[in-house]
Amino acid sequence: MRRRCYPSDTTDLEWKLPEPLLPRPASETSTGGRPEAHPRREIVDALRYVVDTGCKWRALPKDFPPFKTVFGFFSRWTAAGVFNLIRDQLRRRIRKSMGKSPHAVAAVIDSQSVRVAATVPKATSGYDAGKKVPGRKRHIIVDTRGLQLFVIVTPASVHDSAAAREALFRLRLMHPEVTVVWADLAYAGTLVDWAKTFLGLTIKTVSRPKGAQGFVILPRRWVVERSLAWLLHARRNTRDYETLPQHSEAMLTLAAISMMTRRLTRQPVHPTAAAPRPTAAVQPA
């Protein structure tokens, strides 16, 4: 058993959350297969290490399973939608713990353009003329608490309204309970009518106040902006290094999963940390 010594490692409480949601090993299915050589927890810890530190696959420390094994699990679980399943289950648990319905009915959408590594194919990247950023664009949809509902990665040259059609269509299939989506003015125009007619979604745009200068907190939109900032806490997401856009989406989802597991298992630093400190007695001079 590997000694857990990295900040990204799962605690015992954290591991209990995704463990039952992972696919059954092939050796335990009716079709049969070779038993896995490495514990699932070590695979998950290795994935969290890559996301948190942003290291290369080949640079995984030797106390983790071989990088080819870890990447193999990452590729298979991404294709099977395992990370999306875990994300959705954790989000529902957090919402229930907050006294909310486990299923969100309102969402917020926004995009973020990031630069890409030199190894990213040009066919899956582009140039965002508005933000003057060459690379890829992340389109993220969150609930009103900032918890991730859906994410899609496109070339940066794709306009927000064009990518939103694909994102909202998939959102409707995965979360039919969502009825209202807040967005900025980039999603206005024909997209509003299209979403209302074909998806039954109401898009409400939020614009900056007239005459506002500098940074302004906008209603509803600040929630998704904060969620995008949360994703950048994982160093793997500060730049896009993935060859496939689907793997970029998985990295963003893994970052959201790590934040949610920590949130669900958060413990106070000290049992009496919230209690007022006793006042020291004043000694006479």
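Only heavy atoms go into these numbers, but all of them, side chains included; no hydrogens, no water, no symmetry mates. We number each residue from 1, following the sequence as shown.
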| message | Under the criterion side chain to side chain contact (heavy atoms under 4.5 Å, CB included), I'd like the reasoning laid out for Val223 against Thr144: C-alpha separation, chi angles, the key distance, then a yes or no. | response | CA-CA 7 Å; Val223 176; Thr144 54; 5.8 Å; no
| said: Run the side chain to side chain contact (heavy atoms under 4.5 Å, CB included) test on Arg93 and Leu17 for me, step by step, so that the C-alpha distance in whole Å, both residues' side-chain angles and the decisive distance to 0.1 Å come before the verdict. | reply: CA-CA 10 Å; Arg93 290 193 58 170; Leu17 297 174; 3.0 Å; yes
| request: Could you please spell out the steps behind the side chain to side chain contact (heavy atoms under 4.5 Å, CB included) verdict for Glu19 and Val44? | output: CA-CA 9 Å; Glu19 181 184 15; Val44 172; over 6 Å; no
| query | Passes side chain to side chain contact (heavy atoms under 4.5 Å, CB included), Ser111 versus Tyr187? Steps please. | reply | CA-CA 10 Å; Ser111 66; Tyr187 299 91; 3.9 Å; yes
| request: Show the numbers, then the answer: is there a salt bridge (charged side-chain N to carboxylate O under 4.0 Å, His left out) between Arg41 and Asp12? | output: CA-CA 10 Å; Arg41 185 172 179 179; Asp12 292 339; 3.0 Å; yes
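In the hydrophobic cluster analysis, where Ile, Leu, Val, Met, Phe, Trp and Tyr join through side-chain heavy atoms closer than 4.5 angstrom, Trp222 is grouped apart from Val181. Under the 4.5 Å side-chain heavy-atom criterion for ILVMFWY residues, a single connected hydrophobic cluster contains both Tyr49 and Phe83. A single hydrophobic cluster is not seen to contain both Leu264 and Leu85; linkage of ILVMFWY side chains at heavy-atom distances under 4.5 Å, directly or through other members, places them apart. Connection of Leu147 to Val178 is not established within any shared hydrophobic cluster, with ILVMFWY side chains joined at heavy-atom distances below 4.5 Å, either directly or through further cluster members. Side-chain heavy atoms closer than 4.5 Å link hydrophobic residues (I, L, V, M, F, W, Y) into clusters, and following such links, even through other members, never connects Leu252 to Met174.
Of the possible polar contacts, none joining the Arg170 side chain to the Val151 backbone as a donor-acceptor pair under 3.5 Å is found. Thr238 places a side-chain N or O within donor-acceptor distance of the main-chain N or O of Arg235, the cut-off being under 3.5 Å. Arg136 places no side-chain N or O within 3.5 Å of a backbone atom of Val114 that could act as its donor or acceptor partner. Checked by atom type and distance alone, the side chain of Arg263 never pairs as donor or acceptor with a backbone atom of Ile94 at under 3.5 Å. At distances below 3.5 Å, not a single donor-acceptor pair connects side-chain atoms of Arg87 with backbone N or O atoms of Thr253.
In this structure, Glu249 and Glu242 have side chains that are not in contact, with every pair of non-hydrogen atoms separated by 4.5 Å or more. Using a 4.5 Å heavy-atom threshold, the side chains of Ile43 and Trp77 count as touching. Side-chain contact between Ser8 and Val51 is absent, with no heavy-atom pair separated by less than 4.5 Å. Thr154 is listed as a side-chain neighbour of His139, based on a closest heavy-atom distance under 4.5 Å. Residues Gln148 and Leu231 meet the side-chain proximity criterion, which asks for heavy atoms closer than 4.5 Å. By the 4.5 Å heavy-atom criterion applied to side chains, Trp230 and His233 are counted as neighbours. Arg138 places a side-chain heavy atom less than 4.5 Å from the side chain of Asn237. Considering only heavy atoms from C-beta on, Asp184 comes within 4.5 Å of Asp110 through its side chain.
Between Arg91 and Asp88 there is a salt bridge, since at least one side-chain N of the basic residue sits less than 4.0 Å from a carboxylate O of the acidic one. Salt bridge status for Asp143 with Arg92: absent, with no side-chain N to carboxylate O gap under 4.0 Å. Salt bridge Lys137/Asp160: present, at least one basic N to carboxylate O contact under 4.0 Å.
Ring orientation note: the planes of Phe74 and Trp57 are tilted relative to one another, at an angle of 30° to 60°.
The shortest non-hydrogen separation linking Arg221 to Val108 is CA-CG1, 4.2 Å. Nearest heavy-atom pair, Ala156 versus Val133, reported as atom, atom and distance to 0.1 Å: CB-O, 3.9 Å. Between Arg95 and Ser101, the closest heavy-atom pair is NE-O, 2.7 Å. For Pro155 against Ser125, the heavy-atom pair with the smallest separation is CB-C, 3.7 Å. For the pair Arg40 and Pro23, the tightest heavy-atom approach, listed with the atom from each and the gap, is NH1-O, 2.8 Å. Across all non-hydrogen atoms, the minimal contact from Cys5 to Asp9 is N-OD2, 3.0 Å.
Counting heavy-atom neighbours within 6.0 Å of Arg226 CZ, excluding the residue itself, gives a total above 12. The neighbour count for Arg165 CZ, taken as heavy atoms of other residues, nucleotides or ligands under 6.0 Å away, is above 12. In Lys204, the NZ atom is not crowded: 12 or fewer heavy atoms of neighbouring residues, nucleotides or ligands sit closer than 6.0 Å.
From Glu14, atom CD reaches atom CD1 of Ile257 across 11.5 Å, with rounding to the nearest 0.5 Å. In this structure, the separation between CG on Leu171 and CD on Glu177 is 8.0 Å, given to the nearest 0.5 Å. Separation of atoms CD1 (Ile109) and CZ (Arg220) is listed at 16.0 Å; rounding is to 0.5 Å. Going from atom OG of Ser227 over to atom CE of Met259 covers 7.5 Å, rounded to the nearest 0.5 Å. Summarising the geometry, atom CZ belonging to Arg262 is positioned 13.5 Å from atom CG belonging to Leu13; distances are rounded to the nearest 0.5 Å. Expressed to the nearest 0.5 Å, how far OH of Tyr241 lies from CE of Met251 amounts to 11.5 Å.
A side-chain donor from one of Ser113 and Asp128 sits under 3.5 Å from a side-chain acceptor of the other. Checked by atom type, the side-chain pair Thr78/His247 shows no donor-acceptor distance below 3.5 Å. Side-chain atoms of Thr10 and Arg48 include no donor-acceptor pair closer than 3.5 Å.
The only option from Phe71, Tyr6, Phe73 that meets the ring pair (Phe, Tyr, Trp, His ring centres under 6.0 Å) definition with Phe64 turns out to be Tyr6. Residue Ile141 is tested with Val224, Ile152, Leu168 for a side chain to side chain contact (heavy atoms under 4.5 Å, CB included); the sole match is Leu168.
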